[in-house]
Chemist: 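Before I ask anything, here is the structure I am working with.
Note on naming: letters A, B, ... go to the chains in the order of the sequence lines (proteins, then strands), and numbering restarts at 1 for each one.
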There are 2 protein chains.
Amino acid sequence: MIDGGGGGDAVRHRVLEAVLRLVERGGVAEASLRRVAEESGVNIGSVRHRFGSHEALLTAAAEEVGARMERRLDAALLDPPGPSDVAGRRALLEHVVAALLPEAPEERAELVALHEFVAAARIHPAFRPLAARMGRDMRALLRRALDLAGVADLDVETERLVALVSGLTFDLVHPHGAGADTPAPHEVLRHHVAALIPG
Amino acid sequence: MIDGGGGGDAVRHRVLEAVLRLVERGGVAEASLRRVAEESGVNIGSVRHRFGSHEALLTAAAEEVGARMERRLDAALLDPPGPSDVAGRRALLEHVVAALLPEAPEERAELVALHEFVAAARIHPAFRPLAARMGRDMRALLRRALDLAGVADLDVETERLVALVSGLTFDLVHPHGAGADTPAPHEVLRHHVAALIPG
DNA sequence: CGGACGTTATCACAGCTGTGATAAACAGGT
DNA sequence: ACCTGTTTATCACAGCTGTGATAACGTCCG
């Protein structure tokens with residue numbers, strides 16, 4: 001099998017998981033062919049035979065983690081209709097944004113890896129299609145959530161929420177300057193949602 | 001001269017400028033000793049003699065661009081007392097935040113380089129002190145500006161503004177998913193400031 | 001059986017990296 | 001004039017990188 005992007009394959013899965021672990025730990029630069037081979041336990045020859053080139057391997061891993069995030073985002077909006085009172089609309093918004101800022105360790109790790117790929121897109125053109133798609137997905141999701149929650153000024157409010165979530169994500173991936181007394185991300189989020197949907 | 005961190009030195013300045021150009025273009029990985037030597041026109045032997053090691057060279061460049069940003073932030077708060085009516089307080093906030101999101105090309109380039117160093121701190125411990133300091137500086141500045149503008153809920157509003165500015169910065173450094181019709185960063189900013197200081 | 005194909009296992013190659021080392025040219029100050 | 005420190009100019013070394021190439025082994029399917 002020469003990798004058509006399919007999902008039901010043990011070896012492919014092991015290799016991509018290894019790439020994601022390495023990227024989460026040390027950025028895209030850490031995911032060299034030899035390291036991926038060692039980390040996954042798959043022979044370097046197999047890795048190359050499957051994915052063709054180093055760049056193809058990394059973009060496959062990036063597409064994989066991007067697709068997982070998209071699945072999670074879709075589920076977040078399909079899941080909860082909810083009541084349309086103030087509390088229900090606030091809960092809807094918080095629920096959707098929570099999908100973008102997961103707390104579970106494995107999802108958190110995937111978020112870090114995805115963030116690393118998106119950041120690397122500035123330098124490596126191979127990641128740009130994915131980065132652009134993820135940005136559009138995020139905007140579309142938040143816009144629809146704001147719309148469902150009955151928020152006005154959709155254009156600018158979408159952009160504000162995108163920036164807020166991006167900033168929280170960045171600080172989550174690159175912790176710097178936040179003390180023990182600074183409010184947690186979800187607190188900031190609740191505050192923003194409450195300001196958007198006044199009681 | 002073996003580099004004590006002083007400023008009045010032509011060779012040192014040329015080398016550090018070369019590092020910043022390379023980092024802005026291609027991330028910290030692009031700023032190898034040989035490339036810096038070629039880009040600056042200074043012999044690689046001199047570069048090594050001055051800075052001792054590759055890591056020391058990069059941290060010196062990071063400290064340099066960090067210090068420049070800090071100078072700009074200090075100036076932003078010393079500069080304008082301004083009237084204390086609604087328009088004046090909004091103008092103050094926008095003025096301060098504008099220092100964090102410069103539009104001039106050279107300052108923009110420095111912002112990209114600084115962002116790259118802060119992001120690299122996740123992986124390279126040498127940049128962590130700088131990253132932490134920049135994060136604290138940003139928080140302190142925005143907190144003082146919000147305080148001067150008479151905004152309540154200082155703790156959470158500071159964190160919200162920090163996240164907003166971080167997100168706008170990230171999207172500025174790593175453009176992804178923003179269409180031609182999406183509101184510009186300064187528009188989002190004005191909207192947020194107007195929401196913080198109701199008329 | 002036999003061919004196709006994925007997998008493991010190597011070797012070699014050119015290219016880049018930071019670093020150690022050395023030598024000569026040049027500068028400025030005592 | 002002499003010494004000290006900076007600059008330029010090289011060479012070598014080990015280590016990593018992606019890639020090309022080859023060969024043997026295994027498995028599965030026709």
Side-chain angles (χ1 to χ4, degrees), chain A residues 1-23 25-62 64 116-117 120-121 123-127, chain B residues 1-23 25-62 116-117 120 123-127:
Chain A
M1 193 189 306
I2 223 140
D3 190 65
D9 190 312
V11 174
R12 179 187 147 92
H13 188 261
R14 270 170 59 196
V15 171
L16 293 186
E17 284 301 318
V19 173
L20 295 184
R21 274 196 303 275
L22 290 170
V23 169
R25 280 187 224 146
V28 293
E30 199 71 6
S32 70
L33 277 174
R34 286 168 177 85
R35 270 202 242 277
V36 170
E38 191 189 14
E39 174 79 17
S40 64
V42 176
N43 189 278
I44 184 176
S46 296
V47 177
R48 293 182 55 199
H49 180 70
R50 282 295 198 92
F51 295 92
S53 73
H54 180 240
E55 181 178 293
L57 169 64
L58 289 197
T59 56
E64 169 68 24
E116 209 69 46
F117 283 123
I123 290 156
H124 304 294
F127 300 131
Chain B
M1 193 190 303
I2 220 140
D3 190 64
D9 191 312
V11 173
R12 180 186 147 92
H13 188 262
R14 270 169 61 197
V15 172
L16 292 186
E17 284 302 317
V19 173
L20 295 184
R21 274 197 303 274
L22 290 169
V23 169
R25 280 186 224 145
V28 293
E30 198 71 5
S32 70
L33 276 174
R34 286 169 177 86
R35 269 202 243 277
V36 170
E38 191 189 15
E39 174 79 17
S40 64
V42 175
N43 188 279
I44 185 177
S46 296
V47 177
R48 292 183 54 198
H49 181 71
R50 281 296 198 90
F51 295 93
S53 73
H54 180 240
E55 180 178 293
L57 169 63
L58 289 196
T59 57
E116 209 67 48
F117 283 124
I123 290 156
H124 304 294
F127 300 131

Chemist: Quick one: do A:F117 and A:L20 satisfy side-chain contact (heavy atoms from CB on, under 4.5 Å)? Show the steps, please.
Modeler: CA-CA 10 Å; A:F117 283 123; A:L20 295 184; 3.8 Å; yes
Chemist: Considering only heavy atoms from C-beta outward, does the side chain of A:E64 approach that of A:R12 to under 4.5 Å?
Modeler: yes
Chemist: Apply side-chain contact (heavy atoms from CB on, under 4.5 Å) to A:L58 and A:E55, showing your working.
Modeler: CA-CA 5 Å; A:L58 289 197; A:E55 181 178 293; 5.9 Å; no
Chemist: Check the distance between D:dC25's C1' and A:N43's CG and give it to me in whole angstrom.
Modeler: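 The distance from CG of A:N43 to C1' of D:dC25 comes to 12 Å, rounded to the nearest Å.
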Chemist: How many whole angstroms separate atom NE2 of B:H49 from atom P of C:dA27?
Modeler: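 Distance check: B:H49 NE2 to C:dA27 P gives 16 Å.
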Chemist: Quick test of your reading of the model: are A:E39 and A:R21 salt-bridged, counting only N-O distances below 4.0 Å?
Modeler: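 So A:E39 pairs with A:R21 through a salt bridge.
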Chemist: Given side chains that start at C-beta, do those of B:L16 and B:L57 come closer than 4.5 Å, heavy atoms only?
Modeler: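 Yes. Closest side-chain heavy atoms under 4.5 Å.
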Chemist: Can you name the atoms? Protein N/O to nucleotides 16-21 of chain C N/O, anything below 3.5 Å, with the distance.
Modeler:
| unit_1 | atom_1 | unit_2 | atom_2 | d |
| --- | --- | --- | --- | --- |
| C:dT17 | OP1 | B:S32 | OG | 2.6 |
| C:dG18 | OP1 | B:L33 | N | 3.2 |
| C:dG18 | OP1 | B:H54 | NE2 | 3.1 |
| C:dG18 | OP2 | B:L33 | N | 3.2 |
| C:dG18 | N7 | B:R34 | NH1 | 2.8 |
| C:dG18 | O6 | B:R34 | NH2 | 3.2 |
| C:dT19 | OP2 | B:H54 | N | 2.9 |
| C:dT19 | O4 | B:R34 | NH2 | 3.4 |
| C:dG20 | N7 | B:R48 | NH1 | 3.1 |
| C:dG20 | N7 | B:R48 | NH2 | 3.0 |

